[in-house]
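If you read the sequence from its start, that first residue is 1, and numbering goes on from there. Just so you know, ligand 1 is whichever comes first in the structure, and atom 1 is the first atom listed for that ligand. Atoms considered below: every heavy atom in the structure, side chains included; atoms not considered: hydrogens, waters and symmetry mates.
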Amino acid sequence: MTTMQTKFDSLNPATDEVVGSHPIHTAEEVQAAVERARTAAAWWADLGFSGRAERLQRWKGVLTRRAAQLAGVVHAETGKPHADAMLEIILAIDHTDWAAKHARKVLGPHRRSSGLLMANQASTVEYQPLGVVGVIGPWNYPVFTPMGSIAYAMAAGNAVVFKPSEYTPGVGRWLADSFAEIVPEHPVLQVVTGYGETGAALCRAGVAKIAFTGSPGTGKKIMAACADTLTPVLIEAGGKDALIVDADADLDLAADGAVWGGFSNAGQTCTGIERVYVHEQVYDEFVAKVVEKAKSVRPGFDADANIGPITMPSQLDIIRRHIADAVSRGGRALVGGEVGDRYVQPTVLVDVPEDSSAVREETFGPTMTIAKVRDMDEAIAKANDTTYGLGGSVFSKKRGMELARRLRSGMVAVNSVISFAGVPSLPFGGSGDSGFGRIHGPEGLREFGKPKAITRQRFRAPLTLTSFARGPKVDAQVAKLITLLHGKRR
Ligand code: NAD
């Protein structure tokens, strides 16, 4: 007889040491968490914007004062350098502050024009909380990424049930425990842990919305599960972001951006730079600079390492396959190319055919392809020739904004990389295989609210349209008015 596994361990990907043991929550337990969250959501919503903002600000204070401790858990569960763990926590703190401070302004009542036909009405719109939001997160930025949904959903008045990745359950637990210290009255933020089945159970537990961040494949399963109950979803999925370099670009800046954008967090970044297109006039110089810088990026788990191990062992096979495919089809690794048991040396690939997996599929490792283009039209066409549409980067002195607008992606950084993620007022998200919906900014707050339209009659209008007392005289007057307003031949 086999016994059901009820617990699982999170492991340090650099050492295989057990970091923590966590329950595998069953569908019944997930359902119970969602039911508890309903009561918590009603209480939390009743606190209003200021009551919630005050508590979120106090939580922000705890996150700030204990950031090093939380970074320790992130470092242990993902293997990323401590300083990188701190960076994602700092950004999450800034986002939490922004969401708390701006929720009322974005979601509170706003007057709208009532138009001429309904001029006797005072029209307002406000965003009411959805109720209980389910957040399903990945492991690569286990604080920053889910907090882009959690903090904004809570600021909008919702309770959250959070399912962290099975690779980073300790981080999720830490976040929920620290919030419960500030808000002990009700479980406004709960964590359920486990594998994909636990996430699937959350999709079916009657939540008002699922905010998912992870791979496109899982995103499709989540949409299918949510279709049964018409549960709305927000999908933040993968990317294959391109960086383009114009002939007039500052090449040191561009090379620095490419190397950090491509290799930081060992390339395990949804908005990481995986493809680079460079104007032929500056191609050789740019490649030489990237190669030089890439050589100094060292993987390891010691305090001085620049990047950590690959967190999810199965990803090593994908990285190996992409490099092998590129090399077997004429590509050359100018630096790196070796994939070890845990670590991948930063890898710069050139002469890679555009239809190879290294160019078309998300690699999610410290590798990039660099290709020469005749001009920026070709760079844009190639950058846009992808099923993804998440972020991107442009290095150009004169044409930065124009080129940024032409990239088919949700976000673009001009003369830097990934900066958009650190600006709390900007929406974050993509299209195509990168998903849909937005976290962060006013758009991110509105994702977690229901727009409520209200008209309040200020006086009885001479032309009342919404009454049987209207009569043919009123109809004729309205028809005349409409002809006057809209009936002109152009
Ligand atoms: P993943 O899709 O494997 O897992 C994400 C989460 O979904 C995990 O918590 C997992 O347990 C859960 N899950 C798995 N199967 C499920 C199912 N059937 N139903 C419900 N939940 C299920 O992704 P990952 O490997 O953790 O993360 C890496 C991916 O995330 C990459 O593709 C990366 O680009 C993407 N990502 C995107 C963003 C963004 O904002 N766009 C940010 C970070 C990461």
Side-chain angles (χ1 to χ4, degrees), residues 8 10 13 22 24-25 27 30 77-78 80 88 91-92 95 134-149 152 161-169 171-172 191-205 207 210-228 231 233-241 265-274 310-316 318-319 361-365 387-391 409-411 418 420-421 426-440 444 447:
F8 72 108
S10 65
H22 299 268
I24 300 174
H25 284 117
V30 172
E77 287 194 328
T78 65
K80 73 173 70 184
E88 72 162 293
L91 291 175
H95 274 279
V135 174
I136 300 178
W139 46 265
N140 59 336
Y141 290 90
V143 177
F144 176 69
T145 294
M147 283 295 280
S149 295
Y152 287 75
V161 178
F162 171 37
K163 152 68 179 88
S165 165
E166 51 272 42
Y167 291 91
T168 53
V171 176
V191 160
V192 291
T193 50
Y195 299 97
E197 292 76 25
T198 304
L202 186 56
C203 296
R204 296 200 171 88
V207 293
I210 288 284
F212 166 75
T213 310
S215 59
T218 308
K220 288 174 194 170
K221 289 186 195 160
I222 284 182
M223 271 190 89
C226 287
D228 275 350
T231 302
V233 289
L234 183 159
I235 306 276
E236 292 290 345
K240 190 72 187 172
D241 289 4
N265 208 34
Q268 302 163 114
T269 303
C270 52
T271 51
I273 301 299
E274 299 211 353
I310 298 303
T311 305
M312 193 168 69
S314 57
Q315 197 67 26
L316 288 160
I318 296 173
I319 300 169
E361 297 169 25
E362 185 180 45
T363 307
F364 227 52
T387 58
Y388 293 100
L390 194 56
S409 65
M411 295 118 9
I418 319 181
F420 41 75
L426 283 179
F428 184 102
S431 59
D433 283 347
S434 299
F436 50 84
R438 293 292 183 268
I439 54 171
H440 304 170
E447 285 280 354

Could I get the full list of ring pair (Phe, Tyr, Trp, His ring centres under 6.0 Å) partners for Phe144, not counting sequence neighbours?
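Residues passing ring pair (Phe, Tyr, Trp, His ring centres under 6.0 Å) with Phe144: His95, His440.
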For Met312, does the CE atom have more than 12 heavy-atom neighbours from other residues, nucleotides or ligands under 6.0 Å away?
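Counting other residues, nucleotides and ligands, CE of Met312 exceeds 12 neighbours.
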What I want to check is whether the side chains of Tyr167 and Thr78 have a donor and an acceptor closer together than 3.5 Å.
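No, because no side-chain N or O of Tyr167 sits under 3.5 Å from a partner of the opposite role on Thr78.
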With the side chain counted from C-beta on, respond yes when Ser10 and Thr168 share a heavy-atom pair under 4.5 Å apart, and no when they do not.
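In short, these two side chains do not touch, never coming nearer than 4.5 Å.
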When you look for protein heavy atoms under 4.0 Å from ligand 1, which residues do they belong to?
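Correct list: Ile136, Gly137, Pro138, Trp139, Asn140, Thr145, Lys163, Pro164, Ser165, Glu166, Tyr195, Gly196, Gly199, Ala200, Phe212, Thr213, Gly214, Ser215, Thr218, Lys221, Ile222, Glu236, Ala237, Gly238, Cys270, Met312, Glu362, Phe364, Leu390, Phe428.
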Can you classify the ring geometry of Phe420 versus Phe428 as parallel (below 30°), tilted (30 to 60°) or perpendicular (above 60°)?
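The arrangement is tilted - the two ring planes meet at 30° to 60°.
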Between Lys80 and Asn140, is there a donor-acceptor pair closer than 3.5 Å when you use the side chain of the first and the backbone of the second?
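Judged by distance alone, yes, a pair lies under 3.5 Å.
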